[in-house]
Number of protein chains: 2
Amino acid sequence: MKEKEQKILDASLKLFTERGFQGTSTAEIAKTAGVATGTLFHYFKSKEELINRLYFYTKESLLTEISAHCDDKKPFKENLKELWLDLVNFGINDSNKFQFIITFHCSPYITSLTKEEIENKLEGTLEVYKKGLKEQEIKEVYFELAMDYLWGSVVSTVDHFGKYPEKFNAHNLDLAFELFWDGISK
Amino acid sequence: MKEKEQKILDASLKLFTERGFQGTSTAEIAKTAGVATGTLFHYFKSKEELINRLYFYTKESLLTEISAHCDDKKPFKENLKELWLDLVNFGINDSNKFQFIITFHCSPYITSLTKEEIENKLEGTLEVYKKGLKEQEIKEVYFELAMDYLWGSVVSTVDHFGKYPEKFNAHNLDLAFELFWDGISK
DNA sequence: ATTCCTATAGACTGATTAGTCAATTTAATA
DNA sequence: TATTAAATTGACTAATCAGTCTATAGGAAT
C-alpha cells in the first residue's frame with residue numbers, strides 16, 4: 001500500500017470515529033493526512049469508497065488479532081477465554097478501529113458487498129465454539145444467540161473499561177469474563 | 001407541548017436515527033414534520049438544541065417505561081427479570097427511541113449538562129439491584145461493572161431480535177434472560 | 001532524449017446547508 | 001371591535017461541501 005494512501009486511511013479512521021461520516025469533510029481528511037484533496041480522490045474515487053475500504057481494513061485488523069484459538073490440548077474454557085481476551089484487548093488497545101467497527105457496522109454507507117466479503121473471513125473463529133458445543137460444555141442456546149451474547153459481552157466490557165480506565169486490571173478483567181462464562185456455560 | 005413542536009421532535013427522531021445528525025438537514029426535518037423551517041427555529045434555537053431536547057425526551061420515555069420494579073414480596077430474580085424485560089421490550093417496541101439513545105449517548109452534540117440532568121433521574125432504578133446485593137443473591141462484582149453488564153445484555157438482546165425477528169418469542173426471551181441471570185447470580 | 005504513465009497539487013464549481021428576517025396569520029384579551 | 005403578542009411562513013444568504021480539472025513533477029522504458 002502506498003504511503004499516502006495509508007495516511008489517508010489513518011486520518012479517516014481518526015476523524016470518522018470522532019465526528020462521524022457526514023461530520024468529516026474530505027478537505028479535513030486531506031489536511032490531516034498531509035495531502036491535497038486531489039490526491040485523496042486519486043486513491044479513492046468517492047467518500048463512500050473511502051469509508052468502505054476503511055471498514056474492510058479495520059475488520060481485517062480485528063480478524064488478524066483473533067486468529068487461531070483452537071488448541072485441542074487445552075480445555076474449552078481456556079480457548080474461549082483467549083478469544084474473549086483478544087477481542088477485549090483489541091477493543092482497548094486499538095480503540096479507534098474498534099469504535100469505528102461498532103459505529104459503522106450497520107451504517108447505510110457500508111455496502112452489503114463489503115460486509116459479505118469480510119463476514120466470509122470470520123468462519124474460522126467459530127470453530128472454538130462448535131467444539132465446545134460438541135463437548136457439551138455450554139448451554140444449548142442456538143448458535144446466533146450465543147454469538148451475539150459473546151459479542152455483546154465484549155462490547156460492554158470494552159465500553160466499561162473505557163469509561164472507568166482506573167478499573168482496568170487483570171482481576172477485573174477476570175471478573176468480567178466470569179460474568180460471560182457463567183452465563184454461557186452449563 | 002405544542003402540536004408542531006411534537007411533530008418536529010417525532011420527525012427528528014426518525015430522521016436522526018435513520019441518517020444520523022449531520023446526514024439530516026433541518027429542511028428535511030421541517031418537511032417531514034409538515035412545518036416551515038422558520039417554525040423549527042422558532043421552537044429550537046439551533047440544530048444542536050434540537051438534538052439535545054430530543055435526547056432528553058427519549059431518555060425520559062425510557063425511564064417512564066421502567067419505573068417501580070421493587071416489590072418486596074416478590075423474589076429478587078423476579079423483580080430483576082421484570083426490569084430486564086421492560087428494558088428489552090422498550091428496545092423492541094420503541095425501537096426508534098432505543099436506537100437513538102444508543103447511537104447518541106456518547107455523541108459530541110449532546111452536552112454534558114443534558115446527560116447529567118437525565119442521569120440524575122436514574123437513581124430510583126438502582127434500588128432493585130441494591131436489594132439483591134444486600135440479600136447476597138448476586139456476585140460481588142462492583143456496582144458499575146454489574147450495571148454495564150445489565151445494559152450490555154439488554155442492548156445485545158434487542159440487537160439480536162432486531163436481526164432475527166423470527167426468533168422473537170417468549171421462550172427465546174427467557175433463554176436470553178437466563179444467559180444474563182446465570183452470569184450475575186451466585 | 002523522448003515518450004508515457006502515475007502521483008500530486010490546489011484552485012475552482014455547482015449544489016447544499018444552517019440559520020435569518022420581514023411579512024402574514026391566528027388567537028387571546030381588553 | 002380593536003389591540004397586541006405569539007405562531008407560522010418561505011424566500012433569502014453566507015458558508016461549506018464533494019468532487020473536477022488543469023497543471024506539473026518524477027521515473028521507467030524505449
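In what follows, chains are A, B, ... by sequence order, proteins preceding strands, each numbered from 1.
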Report task. Please round to the nearest 0.5 Å and tell me the distance separating atom CD1 of B:I102 and atom CH2 of B:W151. Result -> 7.0 Å
Query raised in the report: Phosphate oxygens OP1/OP2 of C:dG19: is one of them under 4.0 Å from a side-chain N or O of B:K45?
Result: no
Query raised in the report: Between A:T39 and C:dA7, does any side-chain N or O lie under 4.0 Å from OP1 or OP2?
Result: no
Report task. Take the angle between the ring planes of B:W84 and B:F177 and call it parallel below 30°, perpendicular above 60°, tilted in between. Result -> perpendicular
Report summary line: B:I29 CD1 to D:dG10 P, in whole Å, measures 17 Å
Report summary line: The residue, A:G23 or A:G38, whose nearest nucleotide of DNA chain D is more 5′ is A:G23
Query raised in the report: What's the CZ-P distance between B:F44 and C:dG19, to the nearest Å?
Result: 13 Å
Query raised in the report: Among C:dA18, C:dG10, D:dT9, which nucleotide sits nearest the side chain of B:V35?
Result: D:dT9
Report task. Identify whether any heavy atom of B:T37 sits under 4.0 Å from a base atom; if not, whether one sits that close to sugar-phosphate; answer base, sugar-phosphate or nothing. Result -> base
Report task. Would you classify B:S25 as touching base, sugar-phosphate or nothing, given that sugar-phosphate means primed atoms plus P, OP1 and OP2, and contacts are heavy atoms under 4.0 Å? Result -> sugar-phosphate
Query raised in the report: Are a donor atom and an acceptor atom from the side chains of B:K4 and B:T39 found within less than 3.5 Å of each other?
Result: no
Query raised in the report: Taking atom P of D:dG19 as reference, at what distance in whole Å does atom CD of A:E28 sit?
Result: 15 Å
Query raised in the report: In whole Å, what is the span from the NZ atom of A:K4 to the C1' atom of C:dA7?
Result: 9 Å
Query raised in the report: Does A:Y43 put a side-chain nitrogen or oxygen below 4.0 Å from OP1 or OP2 of C:dT8?
Result: yes
**Report entry** Distance in angstrom units between B:H42 NE2 and C:dT25 P, rounded
**Finding:** 18 Å
Report task. Take the protein atom CD of A:Q22 and the nucleotide atom C1' of D:dA18, then report the distance between them rounded to whole Å. Result -> 11 Å
Query raised in the report: Hey, does B:Y57 have a side-chain heavy atom less than 4.5 Å from the side chain of B:D10?
Result: yes
Requested in this report: Report yes if at least one side-chain N or O of A:T26 is closer than 4.0 Å to OP1 or OP2 of D:dA18; otherwise report no.
Outcome: yes
**Report entry** Separation of atom CD in B:E49 from atom C1' in C:dG19, rounded to whole Å
**Finding:** 13 Å
Query raised in the report: Taking atom C1' of C:dT20 as reference, at what distance in whole Å does atom CG of B:L40 sit?
Result: 13 Å
Query raised in the report: Do you know which two heavy atoms are closest between A:L40 and A:I8, and how far apart they sit?
Result: CA-CD1, 3.8 Å
